[in-house]
Structures are given as structure tokens and as C-alpha cells.
Amino acid sequence: MPHRKKEYGIERASGSLVHFRAPVSATTVRRHSAVVPSVLTFAVIVASGGLLLMIEKGMLNSVQTPPPRANGRKVEYRLRNSDAAVDVESQIVQEIRNRTIRSMCGQKNMPHSVWSLSPLQRKTLLQHILVNDEHRFLYCYVPKVACSNWKRVMKVLSGALANVDVKVKMDHRADLVFLSDFPPEEIRHRLRHYFKFMFVREPMARLLSAYRNKFGEIEAYQRKYGAEIIRRYRKGYAKDKKIAGNDVTFTEFVHYLLDEDPERMNEHWMPIYNLCQPCAIEYDFIGSYEKLESDASYILERVGAPQHVRFPERQTWYKPVTKETLHYYLCTVPQKFLKELLPKYILDFSLFGYPLPNTTTEYCRH
């Protein structure tokens, strides 16, 4: 489809209109690689349902990731004067993403309300939405996307914790109110009238974070999932009953995911789409893990949190998933596995504006 340059504009407070052209990514042509589309082209292709075709063509490998924002609504940001240029660009990318989400969620086969979901889908969704009635907001938590820190914030807001720095092991159920706790009419009321937000993360980085945390540090996950994965996918271990499950490889983990039903996965690797159903619920704000500090600050101001309530800083022991780390792990996985895995998370990539990872043989040599 031919790409036409189009003029966009954002109205200043003074009433004048700032004009600019849609940003176009630089294109690098390499041997055995396809031309990389611009962010605009990416949005158009996604909206037209051509994303799966693009996986096969390898066209999304180097698209720059825009920061995920709100679903279908204009969001006002608190920005310093020095951030004015960034704000203009952010507004454009946000509008592109919003149109993409509206287009994809507008398809007939997509859910259009919580009540059009299957019982299992609705149960999963309602069990992942936390409620704060005092500040009138709903937060759909996604494991491995700073949800423990958000739960700390919610406990401080409710008075269950004195502050976010209290040294206490996180209880992921106690002192929290879930939307699933309410009858249907009260669920409808809160969905209609409360501010709704969620946070997303690059899908493969989220999977790697879950893998390293659960199979490298949590004995309960090693026993329950690790041992079973090794029996299934490691030759010669099918009948071994003494497996500790603490040495699962990332390739074995990916192989396991290929055989799992996304709707029945453990929440730590269930697709974000299945957890929070962004087509069934029109979120007022979709923040990103990659811009956690600024997005969390916006949320706290938007919901009217007291000034002393702040978002927690990352723990000193936290091991971030860097681009280099993700590149290393993905390149250890056979390409045929990744080609089968990506479609399971395709809505996380497309709806939230994340480019598909480049795992070509040429790229993995570097």
C-alpha cells in the first residue's frame, strides 16, 4: 500500500496549531532482510490485519517501540517546558496507537464488553482488576510489570501499609479488593464510572523476566513447573521422579509455552491481552514498564493520591532485562520455536505497539 505523507497538528493552549510531518523511520536495506516499515506503516498494517504475514516477511524486526499510552482517549500529561517537543511526538504516536486499538478491537470477532467474554475469560479478567473505591479507580495488574509495587501503593492508599518502604513480604491477596469480589451490577457501575488503567511491557522481556525469576529463584515454581517441563522436553527424564526443576533452559521453557493454552496459562506468562482484555474494557490509560517512573507519577496525580504517596523505587537486588540479555536468550532458542511462539503473544505486540524481535540467523551472529 503506498504511503503518503500527511500533515498532522496539535493545538497549543494559545489556540495556534503546530504543524509537523508524521515521523518516518530510517530504512536500512541489508542482504536477506526486508525493508523495515515506519511506525505509521506499522500501525496501518496492523489495523488492516496484516501482522501475521509480516512475521513471515521479517518486516517488523527493527521498528522503534513507541511508549504505550491510553486506549482511544486523549490523555493530558504533566510535562516540564523542556519536554514540549517530546509531548508533540508522544501525542502523534498515541493517536496512531489509539486508532490501531480501535480498529482491531472493532472487529466482529473481538469482545466488546466484559459480559461478551467467556466465563473463563471473564473470571481471569475480574480476578486481575484491583479496586480502590476512595479514589475511584480500577487497576488491571500484570505480573512481571511492576505489579508488586502497584499493590504496595494500593495498600498504602487503603491504610494497610504506612508507606511503600515498609519491609514486609508482599501478600498478593491480603488487604486488596478485587473486582471479582462484587456482584454484576456493582461491577458494571465501577467499570462505567471509575478511572481504569493498566501497564504493559515488551512481551519477550516479560517472559524472560518470569523465566529468570520463577525458575532461578522460586523453589515452589521449580517443583511445580520446572520438574514437569524437564520431564516433558528433556530426553531421558520422562520417568525421573527426583528432578529438582531448578535448571530449566530457556528453550525448554519456550517449548512448554508452545503446548500451553494461553487462556489457561499461569498468570506470570499468560499474554497481557488475556489478563486485562483491552478490547472488552476501554482503559483510560495504558502505561508502559519502559516509562514506568513518569507514567506511574501521572497515574498517582490523576487519581488524586496524597502527596506523600509515591511509587516505590526498584529494589537494589533487581536484575533488569537489558536488550543485550534478551538478545542472548532469544538467540539460544531455535527459530522454529520462536515463529510458533510469537503468534501466541501477537496481540501484545500489535495492540501495545511493540516491534517483533529480530532473531534472524544474521542478527544472532552479532
Handout entry: S297 and S294 side chains, donor-acceptor separation under 3.5 Å
Key =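 S294 vs S297: no donor-acceptor pair found between side chains.
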
Practice task
Would you mind checking if R223 and E219 are paired as a salt bridge, meaning a charged N to carboxylate O distance below 4.0 Å?
Solution key: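 Judged by the 4.0 Å cut-off on N to carboxylate O distance, E219 and R223 do form a salt bridge.
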
Exercise for the section: Sort and list the pairs that fulfil side-chain hydrogen bond (donor to acceptor under 3.5 Å, both in side chains) and have at least one residue in residues 108-118, not counting sequence neighbours. Expected result: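 Residue pairs passing side-chain hydrogen bond (donor to acceptor under 3.5 Å, both in side chains), neighbours aside: S118-Q121.
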
Are the aromatic rings of [X] and [Y] close, with centres under 6.0 Å apart?
X: H135; Y: Y194; answer: no
X: F182; Y: H189; answer: no
X: F215; Y: F253; answer: yes

Kindly assign one of parallel, tilted or perpendicular to the pair [X] and [Y], based on the angle between their ring planes and the thresholds 30° and 60°.
X: F137; Y: F197; value: tilted
X: W150; Y: Y139; value: tilted
X: Y256; Y: W269; value: perpendicular

Problem - Minimum heavy-atom distance Y283-I286, with the two atoms named - result: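 Closest pair (atom of Y283, atom of I286, distance): CB-CG1, 4.1 Å.
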
Exercise for the section: For F337, enumerate each residue passing the side-chain contact (heavy atoms from CB on, under 4.5 Å) test, keeping only those at least two apart in sequence or located in another chain. Expected result: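 If we apply the side-chain contact (heavy atoms from CB on, under 4.5 Å) test to F337, skipping adjacent residues, the hits are T251, V254, H255, L258, V333, P334.
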
Handout entry: K291 side chain to Y289 backbone, donor-acceptor under 3.5 Å
Key =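 Absent.
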
If you look only at distance, which donor and acceptor atoms sit under 3.5 Å apart when one is on a side chain in residues 271-280 and the other is two or more places apart or in another chain?
none

Practice task
Any chance you could lay out the side chain to side chain donor-acceptor pair (under 3.5 Å) test for Y354 and E290, step after step, and finish with the verdict?
Solution key: CA-CA 11 Å; Y354 288 106; E290 295 77 15; 2.6 Å; yes

Handout entry: F195-V177 co-clustered via ILVMFWY side chain contacts under 4.5 Å
Key =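 Per the 4.5 Å side-chain linkage, F195 and V177 are co-clustered.
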
